[in-house]
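Input: a single structure, listed below in structure tokens.
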Amino acid sequence: MSMLITGGTVVTATGTLEADVLIVGEKIAAVLARGPATDAATYAAATAATDAASSGPAGTGPTSNASADTVIDASGRYVIPGGIDAHTHMEMPFGGTFSVDTFETGTRAAAHGGTTTIIDFAVQAKGTSLLGTLDKWHEKADGNCAVDYGFHMIVSDVNDATLKEMEACIGAGVTSFKMFMAYPGVFYATDGEILLAMQQAQRTGATIMMHAENGIAIDQLVAQAVAAGRTDPVYHGLTRPPELEGEATSRAITLARVAGCPLYIVHLSAAQALEAVAEARDAGQNVFAETCPQYLYLTLDDLARPDFEGAKFVCSPPLRTADHAAALWRGLRTNDLAVVSTDHCPFCFKEQKELGRGDFSKIPNGMPGVEHRMDLLHQGVVSGEITLPRWVETCATTPARMFGLYPRKGVIAPGADADIVIYDPAVRQTLSAATHHMNVDYSAYEGMEITGKVAVTISRGRVVVADGEFKGSPGRGS
Ligand code: URP
Ligand code: ZN
Ligand code: ZN
């Protein structure tokens, strides 16, 4: 089966192009420039199109007159690579409960929001093996996902067996291992354990992902706050100061430098942490970082909302003040922040967040977001914080490159998977729990009005969402 997307503006990490996109089966067969080739990018695309079309069933040279079984009119819309969310937690055990999106509901919501691949975290429990953990996560995901998926591994038990198994994980397709400097007694690893894992990553070509907060110091601040009766959700933020994220980030960078392994700082929220990353990158170290929409749009004021409403915004690292958000937008422009992911980890307000009424330290950490990442970052284009190509680069192309999916994913080019989103940049929408598709009883962005919305999501050549309607099926994702 073939499909032709006509009339749209193709946006890639390197620029925009007035072109039609031909899909044959699950792959992009050609990118067909419309009209005369006027610049180098157009010429390159036209050449690629000519090459692909000469061996394919349809398509021609620089000016598109291809035909196909299905034609989708994308006039006035952007045609972008499907989003890649490199940080999600579906069905994650945490704080005595589980995040409420299953792989089925979470990937369906992702598709609605223009994300065609998620990379979730398999969570090693203490005393268990990495490969056994990976099997367990495949059991949860396989046959249930609406879009494609991959895994990172959370390493919470560093020992000789675990270190050996890291190599086997790479054989099984997992090349990135998350460790925690936070959460003592749960996921926390000592500096020595982190160094050992980093040395193994250096030997095997893996990447260490780091949750960089000084959990030992934070636990003291939390105990002091609770003992003094400061138990409202806002104290979650106040007991996790940005300095302790900056300190842990610097320490992780130092350990990675000693071990010689690549380091990827997850969910970076503090200006101090960004400064440490920028300094290391300027010095030529292989250090990368991601941030998340909640750190760009929400603040400590949300954590301070009355009547326990602040619990909806409890995540770690916590929301910061607005000056940190401004620094993060700048970091996205300078590439010190290379990726935007969601850290989607949804807990319902009722019965889950409520576990922490009277003691903020018992509120499960995490926020919903997988559905609105592409929209919220497009809003950054609308407000002039980032460019259109940068939107695509941070939300699709770089995550694909970072985690071994490129050039199969993250790009619109002949030979790539036909994971494509047709995005309407003019439609206005209001974010709300009443209309979202995530399996959670609140929206962190309730009532927020934004410009832009997904019109069509295509996953490996199949329309999975069109005009707000889900057309896919669980199990189609691989
Ligand atoms: O609060 C968060 N971020 N919850 C998810 C687990 C993690 O640390 O990524
Ligand atoms: Zn984390
Ligand atoms: Zn996370």
Side-chain angles (χ1 to χ4, degrees), residues 85-101 106 110 118-125 137 149-156 176-189 194 207-215 218-219 222 233 235-237 239-240 244-245 248-249 252 263-270 273 288-296 298 300 302-303 310-320 339-349 352-353 355-356 360-370 373 399 403 438 440 442 444:
D85 190 342
H87 189 152
T88 67
H89 302 280
M90 308 300 173
E91 308 178 38
M92 184 200 183
F94 193 83
T97 185
F98 285 83
S99 60
V100 285
D101 261 317
I118 63 161
I119 313 181
D120 205 89
F121 288 82
V123 187
Q124 180 197 27
W137 254 258
Y149 56 98
F151 294 113
H152 314 285
M153 179 66 62
I154 285 179
V155 178
S156 56
S176 34
F177 298 84
K178 182 179 177 189
M179 303 191 78
F180 288 77
M181 299 168 121
Y183 305 129
V186 188
F187 297 130
Y188 175 82
I194 289 168
T207 297
I208 295 294
M209 309 172 82
M210 189 60 72
H211 181 131
E213 287 186 291
N214 185 329
I218 285 168
D219 270 12
V222 169
Y235 290 104
H236 173 77
T239 55
R240 306 180 90 92
L244 293 183
E245 187 185 340
T249 303
L263 176 66
Y264 179 97
I265 304 290
V266 293
H267 47 45
L268 188 149
S269 75
F288 309 92
E290 66 173 19
T291 192
C292 313
Q294 55 268 34
Y295 301 120
L296 298 167
L298 303 171
L300 202 56
D302 293 297
L303 260 177
K312 294 176 177 174
F313 304 91
V314 166
C315 60
S316 294
L319 303 180
R320 307 288 185 193
V339 170
V340 179
S341 61
T342 59
D343 193 13
H344 175 76
C345 191
F347 297 102
C348 283
F349 183 68
Q352 290 190 300
K353 292 289 186 180
L355 291 169
F360 69 86
S361 69
K362 295 195 166 54
I363 300 169
N365 286 200
M367 285 177 55
V370 75
R373 181 183 60 122
F403 299 110
M438 298 175 286
V440 61
Y442 74 95

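Bear in mind that the values here come from a model prediction, so they are computed numbers and not experimental data. Note that ligands are numbered from 1 as they come in the structure, with each ligand's atoms numbered from 1 the same way. Position 1 is the first residue of the sequence, and the numbers go up from there.
Contacts of Lys178 with ligand 1, taken as heavy-atom pairs under 4.0 Å, involve the side chain alone. Under 4.0 Å from ligand 1, heavy atoms of Cys315 appear from its side chain as well as its backbone. In Phe180, the part holding a heavy atom less than 4.0 Å from any atom of ligand 1 is the side chain.
Within His267, the N, O or S atom at minimum distance from the Zn ion (ligand 2) carries the name NE2. Distances from the Zn ion (ligand 2) to the N/O/S atoms of His211 are shortest for ND1. Nearest N/O/S atom of Asp343 relative to the Zn ion (ligand 3): this is OD1.
The shortest contact between atom 8 (O) of ligand 1 and any protein heavy atom is with His211 ND1, 3.0 Å. The protein heavy atom nearest to atom 3 (N) of ligand 1 is Asp343 OD2, 2.6 Å. Ranking the protein heavy atoms by distance from atom 1 (O) of ligand 1 puts Ser316 N, 2.8 Å first. Looking only at heavy atoms of the protein, atom 6 (C) of ligand 1 is closest to His89 NE2, 3.7 Å. Of all protein heavy atoms, the one closest to atom 4 (N) of ligand 1 is Asn365 O, 3.1 Å.
Side-chain contact check for Cys348 versus Tyr442: every heavy-atom pair is 4.5 Å or farther apart.
For the residue pair Ser316 / His267, no side-chain donor-acceptor distance below 3.5 Å is found, with atom types taken as modelled. For the residue pair Asp85 and His344, no side-chain donor N or O sits within less than 3.5 Å of a side-chain acceptor on the partner. Side-chain contact check for Ser269 and Arg320: at least one donor-acceptor pair (N or O, by modelled atom type) lies under 3.5 Å.
Among Tyr183, Phe177, Phe187, the one residue that satisfies the ring-ring contact (aromatic ring centres under 6.0 Å, His included) test with His211 is Tyr183. Exactly one residue among Phe121, Phe94, Phe151 makes a ring-ring contact (aromatic ring centres under 6.0 Å, His included) with His89. That residue is Phe121.
Taking the centre and axis of the six-membered ring of Phe349, the NZ or CZ atom of Lys312 falls inside the cone set by 45° and 6.0 Å.
The ligand atoms of ligand 1 that sit less than 4.0 angstrom from a heavy atom of Cys345 are 5 (C). Counting atoms of ligand 1 from 1 in the listed order, those under 4.0 Å from a heavy atom of Gly366 are 1 (O), 2 (C), 4 (N).
Taking 2.8 Å as the criterion, Cys345 does not count as a coordinating residue of the Zn ion (ligand 3), since none of its N, O or S atoms falls below it. With 2.8 Å as the limit, Lys178 counts as an N, O or S neighbour of the Zn ion (ligand 2).
Remark: Tyr235 OH is loosely packed, at most 12 non-hydrogen atoms of other residues, nucleotides or ligands lying under 6.0 Å away.
For Tyr264 and Phe403, the ring centers are positioned less than 6.0 Å apart.
Heavy atoms of His87 come nearer than 4.0 angstrom to ligand 1 in at least one pair.
A donor-acceptor distance shorter than 3.5 angstrom exists from the side chain of Ser99 to the backbone of Met92, with no hydrogens or angles considered.
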